[in-house]
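Just so you know, these numbers come straight off a predicted model, no measurement behind them. All values below were derived from every heavy atom in this structure, side-chain atoms included, with hydrogens, water molecules and symmetry-related copies excluded.
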Amino acid sequence: MTTLYGLDNCDTCRKARNWLKRFEVAHEFVDYRANRVPPETLKAWAAQLGGWEKLVNKASTTWRQLPEARKSPASDPEWTLLLREHPALVKRPVVATADGAVSVGFTDNGFKQRFGVGK
């Protein structure tokens, strides 16, 4: 089973969900503003993606509005606290598959490669 994590009102998440439906990829959607992701899961995602920098959307309005002191978390607990307080900072969507693989973002070609369909 594939789980797509994102925000219900996010256009990119909607595109990803529609793509999965179109190519009949079984999945569930989790709005991580309504259903907060546990700190252990956030930490595992960051580790798999290559660090917190790969998981956090620093181009977002939410990031730009943070006080400068909050933009330099020095530890995993500080990062997880920041993301629990501001779930919109997580890049969207996060895609987790049953094999444990995690990716962020959506592109048509990226999903075709990831799911091996539509080639």
Side-chain angles (χ1 to χ4, degrees):
M1 174 63 103
T2 296
T3 305
L4 188 103
Y5 296 86
L7 300 177
D8 201 38
N9 60 351
C10 170
D11 287 339
T12 304
C13 293
R14 277 194 210 110
K15 288 176 189 174
R17 291 166 75 182
N18 288 336
W19 189 99
L20 292 169
K21 285 177 193 165
R22 184 171 75 241
F23 288 99
E24 299 178 352
V25 176
H27 67 282
E28 68 173 323
F29 176 74
V30 176
D31 183 319
Y32 51 64
R33 187 174 281 148
N35 299 292
R36 300 294 167 100
V37 178
E40 312 79 52
T41 302
L42 291 170
K43 186 177 173 183
W45 288 352
Q48 188 171 144
L49 294 169
W52 292 105
E53 305 290 328
K54 305 279 186 187
L55 184 61
V56 174
N57 181 2
K58 292 188 174 184
S60 70
T61 303
T62 304
W63 179 264
R64 290 191 303 271
Q65 292 176 347
L66 286 175
E68 283 303 314
R70 295 297 309 274
K71 292 182 181 180
S72 303
S75 66
D76 288 342
E78 288 179 28
W79 276 110
T80 56
L81 178 63
L82 182 64
L83 295 178
R84 289 209 33 94
E85 290 175 15
H86 304 282
L89 287 174
V90 177
K91 287 183 179 176
R92 302 184 288 272
V94 174
V95 181
T97 48
D99 62 3
V102 175
S103 64
V104 293
F106 168 76
T107 63
D108 182 64
N109 286 335
F111 268 40
K112 283 179 181 175
Q113 287 179 345
R114 175 101 196 259
F115 296 100
V117 296
K119 294 180 181 177

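- Residues Tyr32 and Trp52 are members of one and the same hydrophobic cluster, defined by side-chain heavy-atom contacts under 4.5 angstrom among Ile, Leu, Val, Met, Phe, Trp and Tyr.
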request  = Please assess Lys54 against Val104 for the test side-chain contact (heavy atoms from CB on, under 4.5 Å), listing each intermediate value before the final yes or no.
outcome  = CA-CA 8 Å; Lys54 305 279 186 187; Val104 293; 5.9 Å; no
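- Transitive grouping of hydrophobic side chains (ILVMFWY, heavy atoms separated by less than 4.5 Å) keeps Leu42 and Phe29 in distinct clusters.
- Side-chain heavy atoms closer than 4.5 Å link hydrophobic residues (I, L, V, M, F, W, Y) into clusters, and following such links, possibly through other members, connects Val102 to Leu83.
- Atom CG of residue Leu4 and atom CG of residue Asp31 lie 10.5 Å apart, to the nearest 0.5 angstrom.
- Electrostatic pairing of Asp8 and Arg17 counts as a salt bridge here, judged by a charged N lying under 4.0 Å from a carboxylate O.
- Residues Leu66 and Leu55 are members of one and the same hydrophobic cluster, defined by side-chain heavy-atom contacts under 4.5 angstrom among Ile, Leu, Val, Met, Phe, Trp and Tyr.
- Thr107 and Asn109 form no side-chain donor-acceptor contact under 3.5 Å, judged by distance and modelled atom types alone.
- At least one side-chain heavy atom of Trp45 sits under 4.5 Å from a side-chain heavy atom of Val37.
- Salt bridge status for Asp108 with Lys112: present, with a side-chain N to carboxylate O gap under 4.0 Å.
- Separation of atoms CG (Asn18) and CZ (Phe106) is listed at 8.5 Å; rounding is to 0.5 Å.
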Pair Val90-Tyr5, side-chain contact (heavy atoms from CB on, under 4.5 Å): steps then yes or no = CA-CA 10 Å; Val90 177; Tyr5 296 86; over 6 Å; no
query = Which is it for Arg114 and Thr97 under the side-chain contact (heavy atoms from CB on, under 4.5 Å) test, yes or no, and what are the steps along the way?
reply = CA-CA 10 Å; Arg114 175 101 196 259; Thr97 48; 3.0 Å; yes
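- Remark: Lys43 does not engage Glu40 in a salt bridge, criterion side-chain N to carboxylate O under 4.0 Å.
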task = Go through Glu78 and Leu81 one step at a time and tell me if the side-chain contact (heavy atoms from CB on, under 4.5 Å) criterion holds.
result = CA-CA 5 Å; Glu78 288 179 28; Leu81 178 63; 5.8 Å; no
request  = Using the side chain to side chain donor-acceptor pair (under 3.5 Å) rule, take Asn57 and Trp63 through it: C-alpha gap first, then chi angles, then the decisive distance, then the call.
outcome  = CA-CA 7 Å; Asn57 181 2; Trp63 179 264; over 6 Å; no
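- Nearest heavy-atom pair, Gly100 versus Gln48, reported as atom, atom and distance to 0.1 Å: O-NE2, 2.9 Å.
- Closest of all the heavy-atom pairs between Arg33 and Ala88 is NH2-CB, 3.5 Å.
- Side-chain heavy atoms closer than 4.5 Å link hydrophobic residues (I, L, V, M, F, W, Y) into clusters, and following such links, even through other members, never connects Val30 to Trp19.
- To the nearest 0.5 angstrom, Thr62 atom OG1 is 8.0 Å from His86 atom NE2.
- Counting non-hydrogen atoms of other residues, nucleotides and ligands closer than 6.0 Å to NZ of Lys71 gives a total above 12.
- Val95 has its side chain within reach of Phe111: a pair of non-hydrogen atoms, C-beta onward, lies under 4.5 Å apart.
- The two atoms that bring Arg14 and Asn9 nearest to each other are NH2-CA, 3.3 Å, heavy atoms only.
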